[in-house]
**Student:** 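Please see the structure below; I have some questions.
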Amino acid sequence: MKLIITIFLTLFPLITFANSSLATNRHITVQGTAEILVEPDMAQVSFEVTSIKDTLLEAKRDLDTQINLLLEGVDKYGFEQDDVFISGLKSNVYNIIGTETGTVSGDKYLALKTVKVTINDIKKIDGFIEFAQSVKINNVIAIESVSSKAKLLEAQATKAAVDDAIAKGNLLAKAFSAKLGKVYSISSNSNRTNYGDNEGDAKHLVLSGYTNNSNPFEHKRYVDKTISSNSIISITSSINVVFDLEITD
């Protein structure tokens with residue numbers, strides 16, 4: 001897996017001295033930032049599985065049947081049990097009103113669960129979604145590209161941001177005939193963002209829009225998102241540090 005690592009040295013220094021609400025002695029505040037770019041090697045796909053029947057029990061049984069058929073394909077694609085998350089049951093009841101008479105003709109019960117599957121090989125995403133469609137699970141509500149090394153890269157980004165803050169602090173302190181002392185305070189922040197795909201890239205999953213079926217209460221919903229073969233995940237980290245300043249002669 002190819003990693004692209006860049007560190008952006010944005011300078012936001014602030015040198016203050018006595019009479020500050022932040023510290024009573026001479027100090028300097030610096031911000032260190034870093035960004036790591038990585039190609040995704042995994043994906044998470046979320047499905048909304050629904051069933052509408054005359055009774056809630058029938059709807060729940062039909063829902064469980066759909067999910068069990070999906071789970072049978074999980075073994076085929078080499079997924080582990082921890083790779084599949086199934087939400088709790090949600091339900092609702094609808095009054096069916098005749099379009100001509102305007103009278104209530106009966107109730108329909110909706111049963112709903114969300115299933116999130118982590119696909120450890122991003123190349124298998126097309127095949128798995130096609131399989132899900134074959135067992136009538138069509139409502140793809142979210143697709144996210146992820147990296148198997150995300151936690152490791154987040155730690156690397158944090159370390160790079162710390163090094164950046166120290167380097168900028170030393171540079172600025174030296175420019176004012178001072179040197180860094182002890183750390184007064186630290187605050188940090190990290191973020192993970194998927195960059196948008198570029199036109200012309202080879203993409204996984206081309207699905208969008210809505211289609212209706214024979215049941216007026218059901219809409220097949222496809223997520224309007226693709227995963228490009230050249231998509232990039234951005235892992236960023238920033239750290240704000242307040243150092244004491246020691247004046248040199």
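Quick caveat: nothing in here was measured; it's all calculated off a predicted structure. Starting from 1, each residue takes its place in the sequence as its number. What you see below is based on every heavy atom in this structure, not just the backbone, and it leaves out hydrogens, waters and symmetry mates.
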**Student:** Atom CG of L112 and atom NZ of K60: how far apart are they, to the nearest 0.5 Å?
**Tutor:** 13.5 Å
**Student:** Do N240 and Q31 get their side chains close enough for a donor-acceptor pair, meaning under 3.5 Å?
**Tutor:** yes
**Student:** When you measure from the side chain of N170 to the backbone of I166, do you find a donor-acceptor pair of N or O atoms at a distance under 3.5 Å?
**Tutor:** yes
**Student:** Between S147 and V38, what is the shortest heavy-atom contact and its length?
**Tutor:** OG-CG2, 4.0 Å
**Student:** Give me the atom names and distance for the closest heavy-atom approach of K113 to G88.
**Tutor:** CG-O, 3.8 Å
**Student:** L89 and V49: same hydrophobic cluster, using ILVMFWY side-chain contacts below 4.5 Å?
**Tutor:** yes
**Student:** Going from NZ on K116 to OG1 on T118, what distance comes out if it is rounded to the nearest 0.5 angstrom?
**Tutor:** 7.0 Å
**Student:** Are the side chains of I141 and F47 in touch, meaning some heavy atoms are under 4.5 Å apart?
**Tutor:** no
**Student:** Could you tell me if the side chain of R26 sits less than 4.5 Å from the side chain of I247, heavy atoms only?
**Tutor:** yes
**Student:** I want to check something: taking the side chain as every heavy atom from C-beta on, are V115 and F85 in contact at a cut-off of under 4.5 Å?
**Tutor:** no
**Student:** Write down the atom of F79, the atom of I119, and the distance for their closest heavy-atom approach.
**Tutor:** CZ-CG1, 3.8 Å
**Student:** Please determine whether side chain to side chain contact (heavy atoms under 4.5 Å, CB included) holds for the pair I143 and I125, giving the CA-CA distance in whole Å, both sets of side-chain angles, and the decisive distance to 0.1 Å.
**Tutor:** CA-CA 10 Å; I143 301 174; I125 185 173; 3.9 Å; yes
**Student:** Treat each ILVMFWY residue as a node, draw an edge where side-chain heavy atoms are under 4.5 Å apart, and state whether I186 and V162 are in one component.
**Tutor:** yes
**Student:** Which pair of heavy atoms, one from A165 and one from V30, lies closest together, and at what distance?
**Tutor:** O-CG2, 3.5 Å
**Student:** Using side chain to side chain contact (heavy atoms under 4.5 Å, CB included), reason through E39 and I232 one step at a time and then give a plain yes or no.
**Tutor:** CA-CA 5 Å; E39 294 178 358; I232 294 294; 3.7 Å; yes
**Student:** With distance as the sole test, does Q66 use its side chain to make a donor-acceptor pair with the main-chain N or O of T50 at under 3.5 Å?
**Tutor:** yes
**Student:** What's the separation between atom CG in L245 and atom NZ in K179, rounded to the nearest 0.5 Å?
**Tutor:** 11.5 Å
**Student:** How far does CE of M42 sit from CG of D83, to the nearest 0.5 angstrom?
**Tutor:** 7.0 Å
**Student:** Pair L70, F131 - check side chain to side chain contact (heavy atoms under 4.5 Å, CB included), show working.
**Tutor:** CA-CA 8 Å; L70 181 69; F131 166 75; 4.1 Å; yes
**Student:** In plain terms, say whether D54 and K108 are close enough for a salt bridge, that is, a side-chain N and a carboxylate O under 4.0 Å apart.
**Tutor:** yes
**Student:** Can you check whether D64's main-chain N or O pairs, donor with acceptor, with N68's side chain at less than 3.5 Å?
**Tutor:** yes
**Student:** Taking all heavy atoms of S148 and all of D41, pick out the closest pair and write down the distance.
**Tutor:** OG-OD2, 2.6 Å
**Student:** Are any non-hydrogen side-chain atoms of L37 and S234 less than 4.5 angstrom apart?
**Tutor:** yes
**Student:** Indicate, with yes or no, if I67 and V135 share a hydrophobic cluster defined by side-chain heavy-atom contacts under 4.5 Å among Ile, Leu, Val, Met, Phe, Trp and Tyr.
**Tutor:** yes
**Student:** Do the side chains of L63 and V93 join up, straight or via other hydrophobic residues, at under 4.5 Å, putting them in one cluster?
**Tutor:** no
**Student:** For I36 and A157, work out which heavy atoms get closest and say how close.
**Tutor:** CD1-N, 3.6 Å
**Student:** If we ignore hydrogens and angles and just use 3.5 Å, is the side chain of D164 paired with the main-chain N or O of T33 as donor and acceptor?
**Tutor:** yes
**Student:** Any side-chain heavy-atom pair from I239 and T158 closer than 4.5 angstrom?
**Tutor:** no
**Student:** Answer with yes or no whether the hydrophobic clustering places V140 together with V84; edges join I, L, V, M, F, W, Y residues whose side-chain heavy atoms lie under 4.5 Å apart.
**Tutor:** yes
**Student:** For residues L71 and I86, determine if any side-chain heavy atom of one lies less than 4.5 Å from a side-chain heavy atom of the other.
**Tutor:** yes
**Student:** Drop me the distance from L110's CG to K90's NZ, to the nearest 0.5 angstrom.
**Tutor:** 10.5 Å
**Student:** Side chains of Q156 and L153, heavy atoms from C-beta outward: is any pair under 4.5 Å?
**Tutor:** yes
**Student:** Which value, rounded to the nearest 0.5 Å, describes the distance between R61 atom CZ and S51 atom OG?
**Tutor:** 12.0 Å
